[in-house]
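Reviewing the structure listed below.
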Amino acid sequence: MSDKKLRQLMQEALDGELSPENEHFLKSRLAQDQQEASHYIGLKEVDTILRNAPFERAPRRLALKIMARVAEAVKAQRNSESAELALSLSVAVVSLAMMPVLVAASWLVLNGKADPEVLIRVIEQMIALLAVILKALETLLAEAEMIAATDPETAQIVMALIPLTLMSFVNYMEENLAVYASDMA
Amino acid sequence: MLPWPDPTIIAWVNNAMQGDQEAFAELVYTFQDSVYNLCYRILGERTEAEDAAQEAFLRAYSNLQRYDQARSFKTWLLTIASNHCIDRLRKRRLTYLSLDEPVSATLGLSSDEPEPEQAALLNERSAQVQALLDQLAPEYRSAVVLRYWYDYSYAEIADMMKTTESAIKSRLFRARQMLAELLNNAQPSGGPVNSLEEM
């Protein structure tokens, strides 16, 4: 039998998986070979030490610390869900309000084709307004993100300002579009 | 090992999934020793083990929906803890001893101390084994801990570590050999504590 197979039998002996026949064989081999016997004794010693190594108990207050972290995580999750809901509502409200404005803008663009001067003014005004809106949204979102790290509730108030800001721009656009419409008429 | 399914544990898990933090606290109280011991034996450092145990429970809480109730909750929890500890060890970027190379005798196991009594020898060796375990690569260490401290079968460990049963057998085989060589090199005097009669 090769050394490899012999060592395989030693591992099986440690795991208690050795058949009586193999056990007898291993014992007789180890009785004849001092080097392999030393090797097996070394493995057996490791096995015994590992089997007798103590089970470490959790330190006091570990459970309390875990539950505090769980409570924190749950709170953060709730705040994040509220913020997501606020953002979704904001986008929905603004999209709804923008619909008539976009329809009016399209109408103006289509009718302004006849008068290039008015068409250019309409497009310029719309681009300028959109740039201002995007800049304002970017600032509000950055502020909300910064505040959320320390005070999630205040961050939600800042998020609530987003639809208000957008609504005021929408009103402004509606007024301006009305002026262009009367100009073209 | 506890018989599975355990209706009390299942009830706590279901209630925790509904947001009942007290039910989750019961799970924490029940399994904190097991999780902490696993983390300590794999990481070898108490403060880090405590932090890892906290993280393991937190991950379990966040992933309760993914827990398969046909399997043991303790095994699932220990799998999370073991994977987390292995990740931590990998991030340490230390060099572990290769199991294919001969083991050096200079592993910091002092042989200058006075020779202990036979009864105290195993305790001393237990501390030495923790020091030796720290020399093993993460996957080997984890397999040794799950086998010896938790009495998992090769098949169960393979399932937990997402590998094959033969790979786990091979890891245990080589880890034992390496630990034996390390112990042998650190042997002060008086010879090993076992004899062939105990086979």
**Prompt:** Which region of A:Glu72, side chain (C-beta onward) or backbone (N, CA, C, O), has a non-hydrogen atom less than 4.5 Å from a non-hydrogen atom of chain B, or is it both or neither?
**Reply:**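 Neither part.
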
**Message:** Between A:Gln77 and chain B, with a heavy-atom cut-off of 4.5 Å, which part of the residue counts as in contact: side chain, backbone, both or neither?
**Reply:**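 Neither; nothing under 4.5 Å.
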
Measuring heavy-atom distances to chain A, does [X] have an atom under 4.5 Å in its side chain, in its backbone, in both, or in neither?
| X | answer |
| --- | --- |
| B:Val144 | side chain |
| B:Ser62 | neither |
| B:Tyr40 | side chain |

**Message:** Assess, by modelled atom type and distance only, whether the side chains of B:Ser142 and B:Glu139 contain a donor and an acceptor separated by less than 3.5 Å.
**Reply:**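 B:Glu139 and B:Ser142 do not have a side-chain donor-acceptor pair below 3.5 Å.
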
**Prompt:** Is there a donor-acceptor contact under 3.5 Å linking the side chains of B:Gln69 and B:Asn14?
**Reply:** yes

**Request:** Please determine, among B:Tyr61, B:Trp149, B:Phe173, the option with the most heavy-atom pairs under 4.5 Å with chain A.
**Result:**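 Highest number of heavy-atom pairs under 4.5 Å: B:Phe173.
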
**Request:** Look at the side-chain heavy atoms of Ile, Leu, Val, Met, Phe, Trp and Tyr, link any pair under 4.5 Å apart, and say whether B:Met17 and B:Phe73 land in one connected group.
**Result:**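 Looking at the clustering, B:Phe73 is in the same group as B:Met17.
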
**Request:** Identify the heavy atoms of B:Ala53 and A:Ile66 that sit nearest to each other, and give their distance.
**Result:** O-CD1, 4.5 Å

**Request:** Determine the option with the most heavy-atom pairs under 4.5 angstrom with chain B, choosing from A:Asp47, A:Leu14, A:Val74, A:Leu64.
**Result:**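 The option with the most such pairs is A:Asp47.
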
**Message:** Could you check whether A:Arg69 makes a cation-pi contact with B:Phe57, meaning its NZ or CZ is under 6.0 Å from the centre of the six-membered ring and within 45° of the ring axis?
**Reply:**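 No.
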
